[in-house]
Engineer: 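Attaching a single structure in structure tokens format; questions to follow.
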Amino acid sequence: MATTQHYMWAAGHFILLVCSFKFFLAKVLFQDPSSWWYKTSFLGALVSYAIVCQKSLGTPQPNLAWVRRALLDENVQYFIMAFFWWASRPVTLALVPYAIFSLFHALTFTRTTLLPQFLPPGPPPQPGAAPTPHPLAKKLQVWVKANYDNAMRAVAFTELVIFARVILGVLLRRNALLTPILYAHFLRQRWYQSKFTRDAVALVHARIYAFVTSPGKPPVVAQIYTQVTDLTRKWAGSTIQAAGPAGAGAGAGARRQ
């Protein structure tokens with residue numbers, strides 16, 4: 001039986017999906033959408049992530065151990081970033097990872113909670129067995145399972161593009177200097193917690209390295225890139241630790257492995 005809290009969690013995801021779709025559609029049609037749609041999208045994300053964070057971490061405790069545990073939790077990290085995006089000037093790409101997560105959570109909620117209320121499952125295949133899922137519910141389950149990994153790869157690459165976007169945004173004075181600094185720390189944690197992020201970083205690094213070392217490129221370009229990557233590795237490898245294995249699909253933000 002779904003609880004009121006569960007419905008509120010799902011409502012946050014549906015709000016995010018509807019409002020982000022409206023915002024994206026306006027952008028695609030070269031219109032100037034109201035920032036209300038953008039901020040309401042992240043408000044939906046904040047509702048969903050707040051519920052999951054409270055369930056996984058309990059009541060906030062005034063001690064350093066609880067704070068450290070919270071900061072290593074993926075849902076807390078996405079909650080913090082959602083709050084930052086909500087409070088900042090709109091960055092359209094920032095909505096994409098949240099919209100992808102919410103799509104999968106909304107479909108799963110629809111399959112497990114909403115559909116059984118309108119489309120009852122069929123009879124069990126044999127006495128004592130579980131009822132047969134409705135064909136539509138089964139199709140949703142198969143689609144989610146078949147597309148989950150590809151969606152998480154898309155999220156990982158999108159988050160790298162967002163990082164490039166906010167760095168460029170500083171140069172063009174479209175976002176604050178704090179934005180790429182905070183997002184770099186976020187990606188640093190994602191690299192430790194997500195295999196998809198590590199794979200995306202490795203692929204992008206390989207492509208850039210092949211480009212800067214290709215014939216005709218000045219050697220200084222490769223030297224500068226190597227120095228930057230060495231510094232990045234040293235920074236990313238200092239003091240941080242993983243939060244432990246993550247369960248696929250858990251929490252508000254579709255945890256990734």
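Heavy-atom basis, side chains included; hydrogens, waters and symmetry copies ignored. Residues: numbered from 1 along the sequence shown.
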Engineer: Can you tell me how far the CZ atom of Arg165 sits from the OG1 atom of Thr158, to the nearest 0.5 Å?
Structural biologist: 14.5 Å
Engineer: Is the centre of the Phe79 ring less than 6.0 Å from the centre of the Phe83 ring?
Structural biologist: no
Engineer: If you take the centroid of each ring, where Trp contributes its six-membered ring, are Phe101 and His13 closer together than 6.0 Å?
Structural biologist: no
Engineer: Report yes or no: do Val220 and Phe211 belong to one cluster of Ile/Leu/Val/Met/Phe/Trp/Tyr joined by side chain heavy-atom distances under 4.5 Å?
Structural biologist: yes
Engineer: Find out whether Ile15 and Leu43 are in side-chain contact, i.e. whether some heavy atom of one side chain is under 4.5 Å from a heavy atom of the other.
Structural biologist: no
Engineer: Sub-3.5 Å donor-acceptor pair from the side chain of Gln189 to the main-chain atoms of His185, do we have one?
Structural biologist: no
Engineer: Assess the residue pair Phe42 and Phe84 against the criterion (side chain to side chain contact (heavy atoms under 4.5 Å, CB included)); give the C-alpha distance rounded to whole Å, side-chain angles, the decisive distance to 0.1 Å, and a yes or no.
Structural biologist: CA-CA 9 Å; Phe42 278 113; Phe84 181 81; over 6 Å; no
Engineer: Distance check, rounded to the nearest 0.5 Å: Leu46 atom CG versus Tyr98 atom OH?
Structural biologist: 8.0 Å
Engineer: Are Leu177 and Ile80 connected into the same hydrophobic cluster when the rule is that any two of I, L, V, M, F, W, Y join if their side-chain heavy atoms are below 4.5 Å apart?
Structural biologist: no
Engineer: May I ask you to check whether Phe186 and Phe163 place their ring centres under 6.0 Å from each other?
Structural biologist: no
Engineer: Identify the heavy atoms of Pro180 and Val170 that sit nearest to each other, and give their distance.
Structural biologist: CG-CG2, 3.5 Å
Engineer: Once rounded to the nearest 0.5 Å, what's the spacing between atom CD1 of Ile162 and atom OG1 of Thr179?
Structural biologist: 12.0 Å
Engineer: Are Tyr225 and His205 close enough that a side-chain donor and a side-chain acceptor fall under 3.5 Å?
Structural biologist: yes
Engineer: Should the heavy atoms of other residues, nucleotides or ligands under 6.0 Å from NZ of Lys217 be counted, would the total exceed 12?
Structural biologist: yes
Engineer: Is a side-chain donor or acceptor of Asn75 paired with a backbone partner of Val52 at a separation under 3.5 angstrom?
Structural biologist: no
Engineer: Would you check, one step at a time, whether the test side chain to side chain contact (heavy atoms under 4.5 Å, CB included) holds for Met81 with Leu182?
Structural biologist: CA-CA 8 Å; Met81 285 309 309; Leu182 179 62; 3.9 Å; yes
Engineer: Of all heavy-atom pairs between Ala184 and Trp235, which one has the smallest distance, and what is that distance?
Structural biologist: O-CH2, 3.3 Å
Engineer: Does Ala45 offer a backbone N or O that forms a donor-acceptor pair with the side chain of Ser48 under 3.5 Å?
Structural biologist: no
Engineer: Answer yes or no: is there a donor N or O on one side and an acceptor on the other, between the side chain of Thr108 and the main chain of His105, under 3.5 Å?
Structural biologist: no
Engineer: For residues Ser20 and Ser41, report the shortest heavy-atom separation together with the two atoms involved.
Structural biologist: N-OG, 3.0 Å
Engineer: Rounded to the nearest 0.5 Å, what's the gap from CE on Met152 to OG on Ser194? Could you check?
Structural biologist: 9.0 Å
Engineer: So, do Ser56 and Asp73 sit near enough that their side-chain heavy atoms are less than 4.5 Å apart?
Structural biologist: yes
Engineer: Which atom names give the shortest non-hydrogen contact between Arg174 and Arg89, and what distance separates them?
Structural biologist: O-CD, 3.5 Å
Engineer: Verify the ring-centre separation between Trp37 and Phe24: is it less than 6.0 angstrom?
Structural biologist: no
Engineer: Cluster question for you: counting only ILVMFWY and a side-chain heavy-atom cut-off of under 4.5 Å, with indirect links fine, are Ile181 and Ile167 together?
Structural biologist: no
Engineer: As a quick check of understanding, evaluate side chain to side chain contact (heavy atoms under 4.5 Å, CB included) for Leu16 and Val47, giving each step before the final call.
Structural biologist: CA-CA 10 Å; Leu16 193 159; Val47 169; over 6 Å; no
Engineer: Applying the ring pair (Phe, Tyr, Trp, His ring centres under 6.0 Å) test to Trp85, which of Tyr183, Tyr38, Tyr49 qualifies?
Structural biologist: Tyr183
Engineer: Charged N to carboxylate O under 4.0 angstrom, Asp199 versus Lys195?
Structural biologist: yes
Engineer: Please check if atom NZ in Lys22 has more than 12 non-hydrogen atoms from other residues, nucleotides or ligands closer than 6.0 Å.
Structural biologist: no
Engineer: Say you draw a straight line from CG of Leu72 to CD of Gln193; how long is it, rounded to the nearest 0.5 Å?
Structural biologist: 7.0 Å
Engineer: Could you pull out the closest heavy-atom pair between Ala222 and Thr213, with the gap in Å?
Structural biologist: CB-CG2, 3.9 Å
Engineer: Main chain of Trp86, side chain of Lys39: is a donor-acceptor contact present, judged purely on distance under 3.5 Å?
Structural biologist: yes
Engineer: Can His6 and Phe109 be said to form a side chain to side chain contact (heavy atoms under 4.5 Å, CB included), step by step?
Structural biologist: CA-CA 9 Å; His6 192 202; Phe109 179 81; 3.6 Å; yes
Engineer: Do the side chains of Thr197 and Glu159 get nearer than 4.5 Å, heavy atoms only?
Structural biologist: yes
Engineer: When you look at OH of Tyr7, are more than 12 heavy atoms from neighbouring residues, nucleotides or ligands closer to it than 6.0 Å?
Structural biologist: yes
Engineer: With rounding to the nearest 0.5 angstrom, report the CZ to CD distance, Arg190 to Glu74.
Structural biologist: 4.5 Å
Engineer: For the backbone of Leu71 and the side chain of Gln77, can you confirm whether one donor and one acceptor N or O come within less than 3.5 Å of each other?
Structural biologist: yes
Engineer: Taking all non-hydrogen atoms of both residues, which atom of Tyr209 and which atom of Thr226 are closest, and how far apart?
Structural biologist: CE1-OG1, 4.3 Å
Engineer: If you count the non-hydrogen atoms of other residues, nucleotides and ligands that lie under 6.0 Å from CZ in Phe21, is the total more than 12?
Structural biologist: no
Engineer: Kindly say whether the aromatic ring centers of Phe157 and Phe196 come within a distance under 6.0 Å.
Structural biologist: no
Engineer: Indicate if Leu107 and Val18 have the same hydrophobic cluster label, given that clusters are the connected sets of ILVMFWY residues with side-chain heavy-atom separations under 4.5 angstrom.
Structural biologist: no
Engineer: Tell me whether Ile100 shares a hydrophobic cluster with Tyr78, the cluster being built from Ile, Leu, Val, Met, Phe, Trp, Tyr side chains joined at under 4.5 Å.
Structural biologist: yes
